[in-house]
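Here, residue 1 is the first one in the sequence, and each next residue gets the next number.
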Amino acid sequence: MPELAEVAFFARQWNAGMDASVMRVTTHSSARVFRESPAKRIASTLKGQALTEILTAGKQAAFRFSTDIWLGIHLGMSGRLFTDGSRENLAPWAEGDKPPQPTHDRLVLHMSNGTALVFNDPRMFGLVRLYRGDTTPPWWAAIPPALSSPLFTLDVLKKVLDSHPGVLLKSLLLDQRYFPGIGNWMADEIMWRTRLSPHNRVRALGNKEVRLLYKTIREVCNDAMEVVSKSWYPAPDNWLFNHRWKRGGRCPRDGASLLYEQIGGRTACWCEKCQRQIKNYELKIKN
Ligand SMILES: [Zn+2]
């Protein structure tokens with residue numbers, strides 16, 4: 001599932017159409033991704049409009065066109081953005097994953113400079129939305145501030161933690177209402193860098209862990225945007241990221257075999273050797 005930096009990576013691919021105008025639009029008009037804005041309306045509205053701005057926030061992308069038209073794309077589980085010519089050789093596909101198939105193209109914008117901007121989504125949990133206005137759409141304004149921005153403070157984090165004491169920390173990190181853009185790999189990376197087992201619940205954290213967690217959330221977001229959003233691979237070998245996708249992956253810190261375990265409904269990748277359960281945690285739960 002595309003996370004913060006992958007969404008930024010995909011959105012950047014559409015830079016190829018910047019300042020060019022939409023000549024023609026092809027859609028799979030019955031596709032579920034058009035459940036809020038009908039494909040026909042999107043096609044007729046975008047025709048003749050020039051792409052002027054590309055924004056990303058959390059797991060969403062927004063494309064601004066001339067005359068204040070906004071095209072919002074949520075990539076959902078399997079959505080990807082690219083230009084038609086880079087379909088085969090743009091290769092951020094996971095091991096065993098195939099390049100995107102043309103039959104899964106849901107929206108294609110044929111631009112005046114000869115590029116074709118493609119939104120491809122095999123599973124169709126993604127969403128395409130249209131909005132007209134001189135400011136960002138209401139659904140865009142509702143996305144919480146970026147975790148790397150000055151608005152995400154230690155106090156903001158503390159408030160979120162205080163209101164969810166019984167929740168697994170890793171599950172809370174996946175909650176888009178508080179942590180926009182964090183998905184499974186980033187949450188695992190944060191847990192690994194803080195050396196906390198994914199079995200820890202929020203109430204187990206002391207002040208020291210909370211401060212470390214805050215610093216690490218921002219660090220992982222910045223690292224992801226710096227590396228993954230620009231080139232996808234390779235990420236530095238001292239991240240968990242590089243090792244989690246391989247079979248038989250080992251912890252880059254101590255060489256122990258990585259565990260893959262269903263925790264809170266998602267597969268957590270973690271290292272039993274260096275990620276700890278906070279002491280007396282079980283006692284606290286029972287009491
Ligand atoms: Zn380890």
Practice item. Might you work through the side-chain contact (heavy atoms from CB on, under 4.5 Å) test for Thr83 and Val118, ending with a clear yes or no? Key: CA-CA 6 Å; Thr83 56; Val118 182; over 6 Å; no
Exercise for review: Could you list the residues that satisfy side chain to side chain donor-acceptor pair (under 3.5 Å) with Gln275, not counting sequence neighbours?
Suggested key: none
Review point. Should Arg87 and Asp105 count as an ion pair when the cut-off is N to O under 4.0 Å?
Key: yes
Review point. Of all heavy-atom pairs between Pro252 and Asp237, which one has the smallest distance, and what is that distance?
Key: CB-O, 3.5 Å
Check your understanding: Is any side-chain N of the basic residue among Asp188 and Arg244 closer than 4.0 Å to the acidic one's carboxylate O?
Key -> yes
Practice item. Starting at CG of Leu71, measure out to CD1 of Ile73 and round the result to the nearest 0.5 Å. Key: 4.5 Å
Point to revise | Atom CZ of Arg132: over 12 foreign heavy atoms under 6.0 Å | key: no
Point to revise | Between CD on residue Glu261 and CZ on residue Arg266, distance to nearest 0.5 Å | key: 15.0 Å
Exercise for review: Taking the side chain as every heavy atom from C-beta outward, state whether Leu173 and Tyr178 have any atom pair closer than 4.5 Å.
Suggested key: no
Check your understanding: After noting the C-alpha distance and the side-chain angles of Thr27 and Ile42, does the key distance pass the side-chain contact (heavy atoms from CB on, under 4.5 Å) rule?
Key -> CA-CA 9 Å; Thr27 58; Ile42 290 177; 5.5 Å; no
Point to revise | Shared hydrophobic cluster for Met191 and Tyr260 (ILVMFWY, side-chain gaps under 4.5 Å) | key: no
Point to revise | Minimal non-hydrogen separation, Pro99 against Gln101, with atom names | key: O-NE2, 3.0 Å
Check your understanding: Is it the case that Arg32 places NZ or CZ above or below the six-membered ring of Phe125, under 6.0 angstrom from the centre and within 45 degrees of the axis?
Key -> yes
Practice item. Please assess Lys170 against Asn200 for the test side chain to side chain donor-acceptor pair (under 3.5 Å), listing each intermediate value before the final yes or no. Key: CA-CA 8 Å; Lys170 175 167 171 201; Asn200 282 297; over 6 Å; no
**Study point:** Exam field: side chain Asn184 to backbone Thr267, donor-acceptor pair closer than 3.5 Å
**Key:** yes
Check your understanding: Taking side chain as C-beta onward, heavy atoms only, is Leu75 less than 4.5 Å from Leu81?
Key -> yes
Check your understanding: Are any non-hydrogen side-chain atoms of Pro198 and Leu168 less than 4.5 angstrom apart?
Key -> no
Point to revise | ILVMFWY network linking Val202 to Trp192, side-chain heavy atoms under 4.5 angstrom | key: no
Practice item. Look at Glu209 together with Arg276 and state whether they make a salt bridge at an N to O cut-off of under 4.0 Å. Key: yes
Exercise for review: Please check if atom CD in Glu272 has more than 12 non-hydrogen atoms from other residues, nucleotides or ligands closer than 6.0 Å.
Suggested key: no
Exercise for review: Quick one: pull up CE in Met23 and CD in Gln49 and give me the separation to the nearest 0.5 Å.
Suggested key: 13.0 Å
Check your understanding: Side chain of Gln176, backbone of Ile182: donor and acceptor closer than 3.5 Å?
Key -> yes
**Study point:** Nearest non-hydrogen partners of Pro180 and Pro145, listed with the distance
**Key:** CG-O, 3.7 Å
Point to revise | Beyond-backbone contact of His243 with Leu258, side-chain heavy atoms, under 4.5 angstrom | key: yes
Practice item. Report the distance from atom CD of Glu226 to atom CG of Asp223, rounding to the nearest 0.5 Å. Key: 8.0 Å
Review point. Ignoring hydrogens and geometry, is there a side-chain-to-backbone donor-acceptor pair from His164 to Val160 under 3.5 Å?
Key: yes
Point to revise | Check against side chain to side chain donor-acceptor pair (under 3.5 Å), Glu189 and Trp239 | key: CA-CA 7 Å; Glu189 187 79 28; Trp239 297 11; 5.3 Å; no
Review point. For Thr115 and Gly17, which heavy atoms make the closest approach, and how far apart are they?
Key: OG1-CA, 3.9 Å
Exercise for review: Report yes if some heavy atom in the side chain of Leu107 is under 4.5 Å from a heavy atom in the side chain of Val33; otherwise report no.
Suggested key: no
Review point. Can you check whether Phe10's main-chain N or O pairs, donor with acceptor, with Gln13's side chain at less than 3.5 Å?
Key: no
Check your understanding: Can we say Arg64 and Asp68 salt-bridge, meaning some charged N sits less than 4.0 Å from an Asp/Glu carboxylate O?
Key -> yes
Review point. Restricting to pairs with a member in residues 26-65, which pass ring pair (Phe, Tyr, Trp, His ring centres under 6.0 Å), not counting sequence neighbours?
Key: Trp14-Phe63
Check your understanding: Any side-chain heavy-atom pair from Leu169 and Ile190 closer than 4.5 angstrom?
Key -> no
Review point. Apart from Ile143 itself, what residues make up its hydrophobic cluster, given side-chain heavy atom links below 4.5 Å?
Key: Leu55, Trp70, Tyr131, Trp139, Trp140
Practice item. Begin with the C-alpha distance, continue with both residues' side-chain angles, and end with the deciding distance and a verdict on side-chain contact (heavy atoms from CB on, under 4.5 Å) for Leu212 and Lys208. Key: CA-CA 6 Å; Leu212 177 63; Lys208 201 176 101 189; over 6 Å; no
Check your understanding: Between Arg12 (side chain) and Ser229 (backbone), is there a donor-acceptor pair under 3.5 Å?
Key -> yes
Revision key, fill the gap. Apart from Leu127 itself, its cluster of hydrophobic side chains linked below 4.5 Å comprises none
Exercise for review: Measure from the side-chain N and O atoms of Asn113 to the backbone N and O of Ala20, and report whether any donor-acceptor pair falls under 3.5 Å.
Suggested key: no
**Study point:** Verdict with reasoning, Ile278 to Leu196, per side-chain contact (heavy atoms from CB on, under 4.5 Å)
**Key:** CA-CA 8 Å; Ile278 295 176; Leu196 291 170; 3.8 Å; yes
Review point. Among all residues two or more places apart in sequence or in another chain, which pass the ring pair (Phe, Tyr, Trp, His ring centres under 6.0 Å) test with Phe119?
Key: none
Point to revise | Heavy-atom check, side chain of Met186 versus side chain of Cys221, under 4.5 Å | key: yes
**Study point:** Salt-bridge present (Glu219, Arg193; N to O < 4.0 Å)
**Key:** yes
**Study point:** Heavy-atom donor-acceptor pair, Arg80 side chain to Asn120 backbone, under 3.5 Å
**Key:** no
**Study point:** Side-chain (Ser257) to main-chain (Arg250) donor-acceptor, under 3.5 angstrom
**Key:** no
Practice item. Say whether, by atom type as modelled, one donor and one acceptor occur between the side chain of Arg195 and the main chain of Cys274 under 3.5 angstrom. Key: no
Revision key, fill the gap. Smallest heavy-atom separation, Ser78 atom then Arg123 atom, equals OG-N, 3.1 Å
Practice item. Quick one: pull up CG in Leu46 and CG in Leu130 and give me the separation to the nearest 0.5 Å. Key: 6.0 Å
Check your understanding: Which distance, rounded to the nearest 0.5 Å, do you find between the CG of Leu174 and the CZ of Phe179?
Key -> 10.0 Å
Practice item. Only pairs at least two apart or in different chains count here, so list each ring pair (Phe, Tyr, Trp, His ring centres under 6.0 Å) that has a residue in residues 201-221. Key: Phe152-Tyr214
Point to revise | Shortest non-hydrogen contact between His110 and Ala116, atoms and distance | key: ND1-CB, 4.0 Å
**Study point:** Any donor-acceptor pair under 3.5 Å from Gln277 side chain to Ser197 backbone
**Key:** no
